[in-house]
> 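Can you read through this structure? Questions will come right after.
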Amino acid sequence: MNGTRQQPWQFDDAEYTSFRKRLLRRKGSSAQKDFLKQVRDHDEFIAELDKFKVSNASKPALIPHPLTESEYKEPPIDTEQAIYRSWPELVPAAACRSAFWARVTLEHVRHRRIQAVYLAANGGSLPGGAERIDRALADRSGKANVLLDRCVRTILRRLGGLPEVRGNRSVFVDCPFARAWWRERMVSEAAHGNSEIENAVRAAFRINQTYWEKFIDRVVFRNSTFGAFNIRSAFARALGSALATNPTSNLRETKTLQRLCRNATAYQGSRELGIIGDKDLDVIMQKLVENR
């Protein structure tokens, strides 16, 4: 990924932020309707996003193979690994930016690795993106404006995150490419090349979307503790190991995860965890998880 450290492949942040805000200004506006029509048309979608200035004129690397809509919405493990490997030199300073991932996503649409309509799809077995857009545009009921607005918000979230509504967590959670990259990066940080730990941590991070989101909440909003990769990694190793040993335990519950994260933050308040070596950190985190 040549040049990423100096010039991330991103849209002009001010322009892209203004674009998002304009679309969210009024539910059911003509701007929202026009945007949904553009997403429905491959060439029009590309033309609309190509209006933004970019910080690096070279094109981002692409994942190796096209994805189906279901693979894009909820990438399986091998797909997330392929996404992570596609940008080996990407640094966190770029990877936390909505404007960066929006441009990466655009290039995948341009080269037909994904279709623009995938961005509108909801999770699970709900209607696909194309059908959802068509329904929103055709609706004439009293809820039409809400349907249009929700559809636009989903697209923006998948495109590169929607920090205006969802906060900074949105990039890590809502954009499939960003989520895959961050999840695999944190797995790699925690495992240090140990495949058993890697599998255990990955399984913990992938319990469900809410579980991952609550973990990311701690990384984003409790940065003094979980923003430090050594503390975060020790916690992830302890959590993954305990789940691997007892996969049906209450550790799978989101409320248990949140309690453990609060306990780790409280511990950090009484002792500076960031300066402790990995072995001692592992012992601390293992005890914290065992005493849940």
Side-chain angles (χ1 to χ4, degrees), residues 67-85 121-126 169-170 172-222 225-268 273 276-292:
L67 301 179
T68 65
E69 188 170 72
S70 62
E71 287 173 327
Y72 175 69
K73 286 191 303 181
E74 300 173 6
I77 289 172
D78 59 344
T79 300
E80 287 206 336
Q81 290 174 311
I83 289 170
Y84 179 66
R85 289 193 296 266
N122 270 322
S125 59
L126 294 169
R169 73 166 74 86
S170 185
F172 300 80
V173 173
D174 296 326
C175 173
F177 287 137
R179 182 176 64 226
W181 188 89
W182 276 106
R183 188 145 56 193
E184 283 298 310
R185 177 182 173 84
M186 292 183 189
V187 166
S188 178
E189 287 177 338
H192 296 306
N194 183 309
S195 60
E196 184 177 349
I197 295 175
E198 189 175 276
N199 291 334
V201 172
R202 184 179 291 117
F205 283 166
R206 292 175 59 89
I207 286 176
N208 56 53
Q209 176 76 352
T210 301
Y211 202 86
W212 170 249
E213 180 168 344
K214 295 306 179 184
F215 179 74
I216 287 300
D217 278 350
R218 309 309 292 191
V219 175
V220 173
F221 299 121
R222 295 292 183 271
T225 303
F226 288 91
F229 83 89
N230 59 331
I231 300 174
R232 179 175 70 231
S233 295
F235 181 87
R237 285 192 294 270
L239 181 66
S241 177
L243 278 164
T245 302
N246 188 1
T248 60
S249 76
N250 68 347
L251 285 172
R252 294 181 62 86
E253 298 174 7
T254 301
K255 63 182 181 180
T256 303
L257 171 68
Q258 290 176 289
R259 183 170 65 252
L260 289 176
C261 289
R262 288 195 297 268
N263 291 345
T265 300
Y267 198 101
Q268 164 77 351
L273 296 178
I276 298 175
D278 283 354
K279 289 185 178 180
D280 290 335
L281 264 180
D282 282 338
V283 172
I284 291 170
M285 292 301 175
Q286 286 164 8
K287 289 182 178 178
L288 184 145
V289 171
E290 289 170 1
N291 295 332
R292 63 185 179 278

> Would a distance-only check, ignoring hydrogens and angles, find a side-chain to backbone donor-acceptor pair under 3.5 Å from Gln209 to Val173?
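Here the side-chain-to-backbone pair exists.
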> What heavy-atom pair brings Pro176 and Asp174 nearest, and what distance separates the two atoms?
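Where Pro176 meets Asp174 most closely, the heavy atoms are CD-O, 3.3 Å.
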> If you take all heavy atoms of Arg252 and Pro247, which pair is closest and at what distance?
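For Arg252 versus Pro247, the nearest heavy atoms are CD-O, 2.8 Å.
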> For a 4.5 angstrom cut-off between non-hydrogen side-chain atoms, does Leu239 reach Met285?
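Side-chain contact under 4.5 Å: no.
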> Which heavy atom of Phe215 sits nearest a heavy atom of Leu257, and at what distance?
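Where Phe215 meets Leu257 most closely, the heavy atoms are N-CD2, 4.0 Å.
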> Can you tell me if Thr265 uses its side chain to pair, donor with acceptor, with the backbone of Cys261 under 3.5 Å?
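Present.
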> Test side chain to side chain contact (heavy atoms under 4.5 Å, CB included) on Ser249 and Leu243; report intermediate values, then the result.
CA-CA 7 Å; Ser249 76; Leu243 278 164; 4.2 Å; yes
> Supply the atom-to-atom distance Glu189 CD to Asn230 CG, rounded to the nearest 0.5 angstrom.
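CG of Asn230 is found 9.5 Å from CD of Glu189.
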> Determine, stepwise, if the pair Met186 / Ile216 fulfils side chain to side chain contact (heavy atoms under 4.5 Å, CB included).
CA-CA 11 Å; Met186 292 183 189; Ile216 287 300; 3.9 Å; yes
> Fit a plane to each ring of Tyr84 and Trp181, take the angle between them on a 0 to 90° scale, and name the class: parallel (under 30°), tilted (30 to 60°) or perpendicular (over 60°).
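The rings of Tyr84 and Trp181 sit tilted, inter-plane angle from 30° to 60°.
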> Under the rule for side chain to side chain donor-acceptor pair (under 3.5 Å), what residues qualify as partners of Thr79, not counting sequence neighbours?
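Partners of Thr79 under the side chain to side chain donor-acceptor pair (under 3.5 Å) test: none.
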> Quick one: closest heavy-atom pair of Asn208 and Tyr211, and the distance?
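Nearest pair, atom of Asn208 first, then Tyr211: OD1-N, 2.7 Å.
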> Measuring from atom CG of Leu281 to atom CD of Gln286, what distance do you get when rounded to the nearest 0.5 angstrom?
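Here the interatomic distance stands at 10.5 Å.
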> List the atom of Ala236, the atom of Val201, and the distance in Å for their closest heavy-atom pair.
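Nearest heavy atoms, Ala236 then Val201: O-CG2, 3.5 Å.
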> If you measure from OH on Tyr267 to CG on Leu288, what distance do you get to the nearest 0.5 Å?
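These two atoms lie 9.0 Å from each other.
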> Should Arg202 and Glu80 be marked as a salt bridge (charged side-chain N to carboxylate O under 4.0 Å, His left out) after you check the CA-CA gap, both sets of side-chain angles, and the distance that decides it?
CA-CA 11 Å; Arg202 184 179 291 117; Glu80 287 206 336; over 6 Å; no
> For Ala190, is there any backbone N or O sitting under 3.5 Å from a side-chain donor or acceptor partner on Arg237?
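Indeed, once roles are kept as given, a pair shorter than 3.5 Å links the two residues.
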> Does anything in residues 239-260 form a ring-ring contact (aromatic ring centres under 6.0 Å, His included)? List the pairs, not counting sequence neighbours.
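Residue pairs passing ring-ring contact (aromatic ring centres under 6.0 Å, His included), neighbours aside: none found.
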> I want to check a possible cation-pi pair here: Arg183 against Trp212, using under 6.0 Å from ring centre and within 45° of the ring axis as the test.
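Ring-cation test returns yes.
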> Any side-chain heavy-atom pair from Pro75 and Arg179 closer than 4.5 angstrom?
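They are in contact (side-chain heavy atoms under 4.5 Å apart), so the answer is yes.
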> Take Arg232 and Val219 through the test side chain to side chain contact (heavy atoms under 4.5 Å, CB included) and record every step on the way to the result.
CA-CA 8 Å; Arg232 179 175 70 231; Val219 175; 3.8 Å; yes
> Do other residues, nucleotides or ligands put more than 12 heavy atoms under 6.0 Å from the CD atom of Glu253?
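Enclosed.
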> Taking atom CG of Asp282 and atom CD1 of Ile276, what is their separation to the nearest 0.5 Å?
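Here the interatomic distance stands at 11.0 Å.
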> By side chain to side chain donor-acceptor pair (under 3.5 Å), which residues pair with Arg292, not counting sequence neighbours?
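Testing Arg292 for side chain to side chain donor-acceptor pair (under 3.5 Å), a comparison that skips the adjacent residues, returns Asn250.
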> State, with a plain yes or no, whether a side-chain heavy atom of Phe221 is found less than 4.5 Å away from one of Phe226.
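No, too far: nothing below the 4.5 Å cut-off.
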> Might you point out which heavy atoms bring Ala200 and Ala244 nearest each other, and give the distance in Å?
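Shortest heavy-atom contact: CB-CB, 4.2 Å.
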> Given side chains that start at C-beta, do those of Leu251 and Leu260 come closer than 4.5 Å, heavy atoms only?
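They are in contact (side-chain heavy atoms under 4.5 Å apart), so the answer is yes.
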> Do you know which of Phe229, Phe172, Phe205 makes ring-ring contact (aromatic ring centres under 6.0 Å, His included) with Trp182?
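Among Phe229, Phe172, Phe205, the one meeting ring-ring contact (aromatic ring centres under 6.0 Å, His included) with Trp182 is Phe172.
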